[in-house]
Amino acid sequence: MIKHLAAAALLLSTACLATGPATAADPGITDSEILIGDVEPLTGPPALLGVAASIGHKIAIAEANAAGGINGRKIKYVLEDDGYVTARTIQGVKKVIDVDKVFAMLGISGSGQSIAVMPVLEKSGIPTVIDVAPVKFLWEPARKNVFVVGQSYEEGIIHLVNFLADRNPGKKWGLITQDDDYGITVRDGFDSVVKAKKLNVVYSGNYKKGQQDFSSDMLQLKDAGAEVFLAGGIIAENIAMTKELEKLNIKPVTGIFWPGRIEPVLKLMGPAGDGIYAVDYVEPFAGAAGKAFLEKAKPLVSEAEFKGINRYTMTGYAAAKVLIAAIERCGKQPTWACTISELEKTKNVETGVMAPISFGPGVRFSNQKLQIMQADAATLSFKPVN
């Protein structure tokens, strides 16, 4: 009897050991699939950004799947629409993590939305690569499982304003920003250069989020005699400001930020947008790298998706490439812990759409190299400025 009990105990122990790892395995992975989740604004005006970013993810995933997937497993992309509404972002992230049970996360809507959802991501421990809205709160302090591809808004504005200041010494400046966290970030970057370069700022204004009429603001800018203008809008606001300046028959040297550096913006601005300067960390489509990316993307997406490509497609593509490579380095049995560890080891990864991407121990921000571009209204494109 003792021998039989001992044998039974041994069998039970062996069974527990055999089933233990399967029970404790991280979600989102089967013998044939790996699930990657994302929440983006797919409806409303910000859909110009969210849809484009999701297309970038799809291109990288299609590219990987065409090559056999991740160590034999095909990638399945789970995408939710938040309509650029923070409450829906939180709801969407919870759904893809808790209900769809994805293995990793990409993208994550806008700056305010990604900040709001950070506690959910951090608590879950899921490997996450954010690529839509790089703001410092996302990587300062560093969070174990969250990585950010891009450049900070502050550094982008500083780079742009320094460039414009050096090109236009002694000129009068004007600035308008949105009355939210995004606007504060833009203003902080601007103010740091104003102090260092002793710029002559003759107009400084704020506009309400969602504002459409900028006639009064631009008239004040004109009356103040501004010769250089930092347009701190996102998309529709910058279009409205530029068209209003055209009506007033003035054309200050104008700089915009990368959220508005997309071709549909130039189309809507028309001739008024010609010559506008922008700062960015992804390659313009008018350059060799941009053209090569479009050529690669065309057979991997639908005709409608191809038409929706913009600079956010490149950021999405780069982030997805980095995440996929990290999972792949974990071999046949990837885990969250291994994926996070491999993301941390990312070093000079080439994506073809921006400078090489690197992270490191305690470093969760890729700190991409910036460049200045100028709008060409005739070709609806942005070209690098030497």
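With no hydrogens or angles considered, no side-chain donor-acceptor pair links Asp376 and Ser381 at under 3.5 Å. A side-chain donor from one of Ser204 and Arg187 sits under 3.5 Å from a side-chain acceptor of the other. With hydrogens and angles left out, the side-chain atoms of Gln151 and Asn367 include a donor and acceptor closer than 3.5 Å. Counted by atom type alone, Gln211 and Asp217 present one or more donor-acceptor pairs between their side chains at under 3.5 Å. One side chain, Asn348 or Ser358, offers a donor N or O that lies under 3.5 Å from an acceptor on the other.
Taking hydrophobic clusters as Ile, Leu, Val, Met, Phe, Trp and Tyr residues chained together by side-chain heavy-atom distances below 4.5 Å, Tyr84 does not share a cluster with Val265. Tracing side-chain contacts under 4.5 Å through hydrophobic residues (I, L, V, M, F, W, Y), one reaches Ile158 starting from Val385; they form part of the same cluster. Following chains of ILVMFWY side-chain contacts shorter than 4.5 Å, one cannot reach Tyr207 starting from Ile184, and the two form parts of different hydrophobic clusters. Residue Met314 is grouped with residue Leu300 when hydrophobic side chains (ILVMFWY) are merged at heavy-atom distances under 4.5 angstrom, including chains of intermediate members. Grouping the Ile, Leu, Val, Met, Phe, Trp and Tyr side chains by contacts below 4.5 angstrom, directly or via other members, places Val161 apart from Val202.
Heavy-atom neighbours of Lys171 NZ from other residues, nucleotides or ligands within 6.0 Å: at or below the threshold of 12. The environment of Lys267 atom NZ is sparse: at most 12 non-hydrogen atoms of other residues, nucleotides or ligands sit within 6.0 angstrom. In Lys172, the NZ atom is not crowded: 12 or fewer heavy atoms of neighbouring residues, nucleotides or ligands sit closer than 6.0 Å. Crowding of Lys243 atom NZ: a count of heavy atoms from other residues, nucleotides or ligands under 6.0 Å exceeding 12. Within 6.0 Å of CG in Asp180 there are more than 12 heavy atoms belonging to other residues, nucleotides or ligands.
Interatomic distance, OG1 of Thr379 versus CG of Leu266, reported as 8.5 Å (0.5 Å rounding). Atom OH of Tyr277 is separated from atom CG of Leu230 by 14.0 Å, given to the nearest 0.5 angstrom.
Between Asp179 and Lys209 no salt bridge is recorded (no basic side-chain N to carboxylate O distance below 4.0 Å). Under the 4.0 Å criterion applied to side-chain N and carboxylate O atoms, Glu140 and Arg364 are not assigned as salt-bridge partners. With salt bridges taken as basic N to acidic carboxylate O contacts below 4.0 Å, none links Arg311 and Glu283. Comment: Lys197 engages Asp166 in a salt bridge, judged by a side-chain N to carboxylate O separation of less than 4.0 angstrom.
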Practice item. Assess whether salt bridge (Lys or Arg N to Asp or Glu O under 4.0 Å) is satisfied between Lys74 and Glu33, documenting all intermediate values. Key: CA-CA 5 Å; Lys74 292 299 178 76; Glu33 278 187 340; over 6 Å; no
**Study point:** CA sep, side-chain torsions, deciding dist, call: Asp38, Met105, side chain to side chain contact (heavy atoms under 4.5 Å, CB included)
**Key:** CA-CA 6 Å; Asp38 183 17; Met105 291 290 297; 5.5 Å; no
Practice item. For the pair Asp274 and Lys251, evaluate salt bridge (Lys or Arg N to Asp or Glu O under 4.0 Å) and give the outcome as yes or no after the intermediate values. Key: CA-CA 10 Å; Asp274 192 50; Lys251 193 173 178 64; over 6 Å; no
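Aromatic ring orientation, Tyr77 versus His57: perpendicular (interplanar angle above 60°, classes split at 30° and 60°). Between Phe257 and Tyr153, the angle of the ring planes goes over 60°, which puts this pair in the perpendicular group of the 30/60° scheme.
Between the side chain of Arg73 and the backbone N or O of Ser32 there is no donor-acceptor pair closer than 3.5 Å. A donor-acceptor pair under 3.5 Å is absent between the side-chain atoms of Asp188 and the main chain of Glu154, judged by distance alone. Using a distance-only test at 3.5 Å, with no hydrogens or angles considered, a donor-acceptor pair links the side chain of Asn71 to the main chain of Glu328.
Ile97 has its side chain within reach of Leu121: a pair of non-hydrogen atoms, C-beta onward, lies under 4.5 Å apart. Looking at Leu343 and Val322, their side chains come closer than 4.5 Å, going by heavy atoms from C-beta outward. Residues Lys76 and Ile34 have side chains not in contact (no heavy-atom distance under 4.5 Å, counting atoms from C-beta outward). Considering only heavy atoms from C-beta on, Pro284 comes within 4.5 Å of Gln371 through its side chain.
Applying the salt bridge (charged side-chain N to carboxylate O under 4.0 Å, His left out) test to residues at least two apart or on different chains, none of the pairs has a partner in residues 230-242.
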